[in-house]
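What follows is one structure encoded as structure tokens, with my remarks underneath.
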Amino acid sequence: MEAKTIEQMPTQYDALNIEKEIYRFWEENNLFKADEKSSKPPYTIVIPPPNVTGVLHMGHALDGTLQDILTRYYRMSGYEALWIPGTDHAGIATQNVVEKKLREENKSRFDLGREKFLELTWKWANEHKGAILNQFKRLGASFDRSRERFTLDKGCNEAVKEVFVRLYQKGLIYKGAYIVNWCPRCCSAISDIETEYETEMGSLWEISYPLKNESGAIVVATTRPETMFGDVAIAVNPNDYKYKDLVGKKVVIPLTGREIPIIADDYVDKSFGTGAVKITPAHDPNDYEVGKRHNLKPIWVIDENGKMKTNGYVPQELQSLDRYEARKKTIEMLKVQETLLRILPHEHNVGKCQRCNTTIEPLLSEQWFVKMKPLAKQAIEAIYKNEVKFIPDRWEKNYLSWMENIRDWCISRQLWWGHQIPAYYHKETGEMIVAKENPNPEIYKQDEDVLDTWFSSGLWPFSTLNWPDIDNVDFKKFYPTTTLVTGFDIIFFWVARMITMGYEFTDKAPFSTVYIHGLIRDESGQKMSKSKGNTIDPVQIIDKYGSDALRFTLTSLNTYGGQDIKISDERFEYGRNFANKIWNASRFILINISDVDRKAIDNDKLTIADKWILNKLNETVKIFNDNIKAYRFGETAHVLYEFFWNNLCDWYLEISKVQLNDQKISMNTKRVLKYVLDSTLRLLHPIMPHITEKIWQLIPNVKNNENDALIRANFPIYIDKNSYPKESKEMEIVFETIKSLRNLRQSFNISVGVSIDIIIDAVENELNIFKSIEAYIKRLAKVNEISYDLGKLENKKCANCVVSNSKIIVPLNNLINFEDEVSRQNKKLLKLINEKKSLEARLNNEKFMKNAAPALIEQTRKRISEILSQETVINDLIKNLK
RNA sequence: GGGCGUUUAGCUCAAUUGGUAGAGCGUCUCCCUUACAAGGAGAGGGUUUGGGGUUCGAGUCCCUAAACGCCCACCA
């Protein structure tokens, strides 16, 4: 990396260029690569693979930032950290994009044929492949691209086939005809969770079906009159006296005249509509069940494209009409026939295709399914056994309720882009073979359907580590992975399936922790989407504010509860300003420590201020380590911000100006500055990697050898000897005093240029402390002279300040509150005694003892004994003080 | 219908076994003080959505009401 002198460093941080330079430095030195032969414990994260043709959005930026923070943190903390990047072929989404392009040329995929279409899609995917991961690079992602994977690559393909065949052989994959959610636009089945329901205002049409060979009719209510041609019965509730006599009789379908029976079934709700339901097994899931119970053969009247079929069941004038056109026309025709009795407004939920928002059509068709119940067992136990932990844990409930009510998973899609199902049919006999390879392509034809995209994503944690080759070094070293970071919107789609498949095929949970972050929303809380036009492009934010700024802002917004995150462009100023502060504070330190020696800090020469900042740093280190292990990202960012800005910059750097001018301690102060800067950059590095690496490289004598880099430096840990609680408390006196003086100065409107003396009225023991910190006070409160006046003012506690002739006479008690240690400890003691009292009252409360969880009772007892021992300690302390 | 989340300063949000309500932005005052005006020093601003309860003590626990949001299920 090109070294620049400090003088060349501008006063404004140039994020754009420095970030590029630093990322290149890491890449060229192979610093992201994980060593599978390392003896360090592994720390593994797999990226939630973004769509291969996708572009980076804020969700990725958040997700990626958190994963990178973890990876960098553990890499610096003695782990062999591996973050595996990769992309998803995203079946429907990608195919849609390519088909759209074809449509612009007035072509469909069928014009090209499967082979040509796939060729085109591969070309498109390959062209875009890597684009999104290159955008992740702008984020500073330290993933190991030598291990980059794609859900359709050879290895993943191998894993998919292996899994499919094994599940089939175990009877956990089956093929059969069921009602599925059919998207007429995608022309494919989709799974239950790919169907989203929207409340729509529709109508309830009441249609009269005349009885056969006698007068009278039965009236049914329907929301979908166009399906009436597929009716196979009219059902009524067996206990409905209204229709008792009609059961068993036949009615005639208006417009076509086909005869259907009236049947009785519990499914029918007497009180809804007319109490009579038309049964259309081919186009409604409930009707399908009813039809099955009554042995009624389904009749298809709508085809795969959502058009009315051309068969004998559908009236001629409706054939091959779009379903909605057909509905209109059906109603018109019924009106003419006077069999349409009433139209009632009716609100109902309509299923929509998640991908294209087309209203789905329940359609009876032959599909492949995974039997989920047996597979879910271990995935459910995983939570109870604590082998998989969700953070925040409320998502465990959500996960469990879904897993415990899981339904079979429809995995076949009538698409071309994806993993073609490894089932082969004998061209003549139709015999089916499920195997990884076609036994004989001359005789057997492969199933034309492909698998749901999430089928391959579900194998991602181990397919990326070369499973099914379980003896390979990567799998052995890095599986199971450690943490999964993702949004709650794909818990069912992805997380649940990975856990299920992980247990089934590796006998282990694929990761031990699932960290669920909130969703990124716009300023007004709306979900960001291209169609709404409210998206904020992370790459643009990076261009404008810098990657570290983006990362810091996003990190700071992560709350413990995983709330959704509202962002706006301006929010990134927070991170940018912080980066700039880091830049300038570092410039100050670097300018002043250019001649620092290599010696360690001389502890004998430490001032009270040195000890205070070392103590603060040490505390910050502890909080950081605790927080990151508890996934408290937002708090971690805030703690660093506060330490850097409010402690280091606002106080210590100002104080250091005093110390640097004092020859006796100047060099030691430089050592402290260097140490603090070095440690702070290490602390900040996981969140703000570029700026910290850049500055760290400029610290004199920080590297042991030329190739050292911050990214691989050791992460700070709490050090006992850097703990100075006593001095830290005394230092607070300095701050209180200075703040009070600043306050006075402002309220008496004393400008800086005027020379003022301050007479401090203090008693002797206070005076000693005061004299030791005088220099700091003078400088930071901009006071020229401080003189002391022992015991001059009477009744100090209520005395007021006297200002005259540029002199301020200040009773010390107005500046600082010297609380004596005994009363402080007594206060503490009182608090503890009160707490103990309430806890004991709790234990004596019958109701509580009866109803409270045993753990809580145990906890209460523990706390009481804790208090008891603390009481003893404090009592002893008070005795000694007296 | 079932479940979950949210409600705290003008705005956006923090506050891990109950213990003095905090930050950023915005507002007001002063300051180009030799790292930083993307900065510095100060100030103001809160009956923590309403009601009830437990407790010495409640933003936090319990009950209840309301508003907003999300997930699941779904009767034509």
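Every chain is numbered from 1, with letters handed out A, B, ... down the list of sequences. These figures come from a predicted structure and were not determined experimentally.
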Does a side-chain N or O of [X] approach OP1 or OP2 of [N] to a distance below 4.0 Å, or not?
{"X": "Arg394(A)", "N": "C4(B)", "answer": "no"}
{"X": "Gln563(A)", "N": "G5(B)", "answer": "no"}
{"X": "Lys657(A)", "N": "U33(B)", "answer": "no"}
{"X": "Trp645(A)", "N": "G40(B)", "answer": "yes"}
{"X": "Lys581(A)", "N": "G39(B)", "answer": "no"}
{"X": "Lys397(A)", "N": "G3(B)", "answer": "no"}
{"X": "Ser401(A)", "N": "C72(B)", "answer": "no"}
{"X": "Asn405(A)", "N": "C72(B)", "answer": "no"}

Could you tell me the Watson-Crick or G-U partner of [N], where both distances fall under 3.5 Å? Say none if there is no partner.
{"N": "U20(B)", "result": "none"}
{"N": "C28(B)", "result": "G42(B)"}
{"N": "U7(B)", "result": "A66(B)"}

For a quick test of reading the model, state the closest non-hydrogen atom pair linking Met688(A) to Gly575(A) and the distance between them.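 For Met688(A) and Gly575(A), the tightest heavy-atom pair comes out as CE-O, 4.2 Å.
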Ion pair present between Arg632(A) and Asp626(A), side-chain N to carboxylate O less than 4.0 angstrom?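 No, Arg632(A) and Asp626(A) are not salt-bridged.
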Counting neighbours of OH on Tyr267(A) that are heavy atoms of other residues, nucleotides or ligands and sit closer than 6.0 Å, is the number greater than 12?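 Count over threshold, so yes.
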Examine Lys657(A) relative to Phe588(A) and say whether NZ or CZ is less than 6.0 Å from the centre of the six-membered ring and inside a 45° cone about the ring axis.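 Because its charged atom sits under 6.0 Å from the ring centre and within 45° of the axis, Lys657(A) does stack over Phe588(A).
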Has Arg576(A) got its NZ or CZ under 6.0 Å from the middle of the six-membered ring of Tyr545(A), at an angle within 45 degrees of the ring axis?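 Not flagged: Arg576(A) not positioned over aromatic ring of Tyr545(A).
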With hydrogens left out and only the distance checked, is there a donor-acceptor pair under 3.5 Å joining [X]'s side chain and the base of [N]?
{"X": "Asn398(A)", "N": "C71(B)", "value": "no"}
{"X": "Arg576(A)", "N": "A38(B)", "value": "yes"}
{"X": "Gln12(A)", "N": "A38(B)", "value": "yes"}

Between A38(B) and C25(B), how many Å separate the two C1' atoms, rounded to a whole number?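 Result for the C1' pair: 14 Å, nearest Å.
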Distance, rounded to the nearest Å, where Phe644(A) contributes CZ and C36(B) contributes P: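 Rounded to whole Å, this separation is 14 Å.
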Toward the 5' end of RNA chain B, by each residue's nearest nucleotide, Asp564(A) or Asn627(A):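 So the residue in question is Asp564(A).
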